[in-house]
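Reviewing the structure listed below.
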Amino acid sequence: MVLIHNPLGQGFFHQRVLDGNGKIVGFTPNPDNEFSRGQNAAIGAINSARAVGITIPRVLIYLNIEKESEFPRVGRVSPNFIRGWLDVIGPEFGGIYGNVSEFFASDERFGRGKVGFIGNAYNDALAGSTFQPFLWGQFPKKGRSFPVPRYQPKQPPGRSGAVRIWQYGPTNQNGSFDMNLATDEAFDRMLRVDSGPA
């Protein structure tokens with residue numbers, strides 16, 4: 001079982017800059033505030049896990065950077081939010097789940113589109129570090145039919161091997177579920193429900 005923390009309302013984007021008509025015209029970083037929000041997300045994840053008897057570092061917890069309070073999501077994910085998350089939970093025990101893509105200037109200019117943390121914020125957050133916190137990525141989509149595809153997730157630029165769980169087959173109808181492949185390394189860090197002695 002994989003644990004995922006949904007910090008809805010935590011604000012993992014840079015602050016939006018609006019014009020007089022309420023349109024997004026840019027994004028202003030606030031590094032201290034973003035770092036603090038990341039720390040708070042990690043504290044929330046740890047407290048939630050402990051509340052149900054799961055202790056760190058027994059299992060890895062993934063931070064969900066997929067949904068925010070508004071849809072469609074618009075903004076640039078903050079590297080400082082990721083740094084704050086890793087600062088508290090520890091890079092060995094805190095993973096990240098979400099959109100494996102890069103944020104393009106044209107999307108920012110129009111305040112829309114490919115909001116991606118792995119191509120930009122993940123690499124920015126880890127600048128100068130060779131350590132790669134676990135990623136659970138969503139691309140490329142291969143559908144839900146069999147046979148299961150060979151493990152080929154999209155990776156952050158220059159970070160081969162960072163994605164340890166690949167969501168290759170998304171939910172496509174009510175009652176269905178996502179299809180994922182995991183490396184042995186990721187599988188070893190999942191929560192196991194002990195059925196007792198054999």
Side-chain angles (χ1 to χ4, degrees), residues 1-7 12-14 29 31 34-35 38 41-42 45 56-67 73 75-108 113-171 177-192:
M1 179 184 316
V2 182
L3 298 183
I4 188 162
H5 180 63
N6 295 293
F12 39 76
F13 293 126
H14 291 325
E34 294 155 15
F35 188 84
I56 303 295
R58 180 178 169 209
V59 66
L60 195 139
I61 301 174
Y62 289 83
L63 170 69
N64 183 6
I65 302 185
E66 184 181 38
K67 296 184 181 297
R73 287 189 305 127
R76 183 185 287 276
V77 175
S78 164
N80 289 300
F81 184 93
I82 294 173
R83 288 185 189 107
W85 162 259
L86 296 174
D87 178 66
V88 170
I89 204 163
E92 299 87 359
F93 310 118
I96 304 171
Y97 166 83
N99 179 353
V100 185
S101 66
E102 297 163 64
F103 195 95
F104 297 97
S106 60
D107 297 317
E108 181 175 59
K114 303 179 180 72
V115 179
F117 67 93
I118 294 176
N120 301 116
Y122 178 85
N123 279 342
D124 291 347
L126 299 172
S129 171
T130 58
F131 185 81
Q132 298 188 139
F134 284 47
L135 294 176
W136 179 358
Q138 303 170 339
F139 295 105
K141 303 295 189 188
K142 293 289 187 177
R144 303 170 55 81
S145 59
F146 290 94
V148 173
R150 187 166 59 91
Y151 191 81
Q152 292 180 299
K154 178 174 176 154
Q155 301 282 354
R159 294 262 177 192
S160 177
V163 177
R164 271 83 156 210
I165 303 178
W166 175 31
Q167 184 185 103
Y168 68 87
T171 299
F177 49 87
D178 294 327
M179 305 291 285
N180 296 278
L181 290 173
T183 64
D184 290 341
E185 186 181 17
F187 189 77
D188 288 342
R189 302 298 302 278
M190 294 180 189
L191 179 65
R192 285 173 170 67

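Side-chain atoms of N123 do not come within 3.5 Å of backbone N or O of P156 as any donor-acceptor pair.
Using cut-offs of 30° and 60° for the angle between ring planes, the W136 and Y62 rings count as perpendicular.
Taking CG from L191 and CG from L60, the interatomic distance works out to 11.5 Å, rounded to the nearest 0.5 Å. For the atom pair CG of N64 and CG of N6, the computed distance is 4.5 Å after rounding to the nearest 0.5 Å. Rounded to the nearest 0.5 Å, atoms NE2 (H5) and CD1 (I65) are 11.0 Å apart. Annotation: the span from D184 atom CG to R164 atom CZ amounts to 12.5 Å, rounded to 0.5 Å. Here the straight-line distance linking atom CG of D124 with atom CZ of R83 works out to 7.0 Å at 0.5 Å rounding. We find the CG-CG distance between L135 and L63 to be 11.0 Å, quoted to the nearest 0.5 Å.
Counting all heavy atoms, side chain and backbone alike, A41 lies closest to F81 at CB-CZ, 3.8 Å. Looking at every heavy atom in both residues, A45 comes nearest to I89 through CB-CD1, 4.5 Å. Of all the heavy atoms in P79 and A125, the pair that sits closest is O-CB, 3.5 Å. In this structure, G94 and P133 approach most closely via the heavy-atom pair O-CB, 3.9 Å. Between G98 and Q138, the shortest heavy-atom distance links the atoms O-CG, 3.3 Å. The shortest non-hydrogen separation linking R150 to Q152 is NH2-NE2, 2.7 Å.
Counting heavy atoms from C-beta on, the side chains of Y97 and I165 never come closer than 4.5 Å. K154 places none of its side-chain heavy atoms less than 4.5 Å from the side chain of W166. Using a 4.5 Å heavy-atom threshold, the side chains of Y122 and Q132 count as touching. L86 places a side-chain heavy atom less than 4.5 Å from the side chain of L126. Inter-residue side-chain proximity for F139 and V163 is flagged as unmet; no heavy-atom pair is nearer than 4.5 Å.
More than 12 heavy atoms of other shown residues, nucleotides or ligands fall within 6.0 angstrom of atom CZ in F131. By the neighbour-count criterion of 12 heavy atoms within 6.0 Å, atom OH of Y151 is densely surrounded, having more than that number from other residues, nucleotides or ligands.
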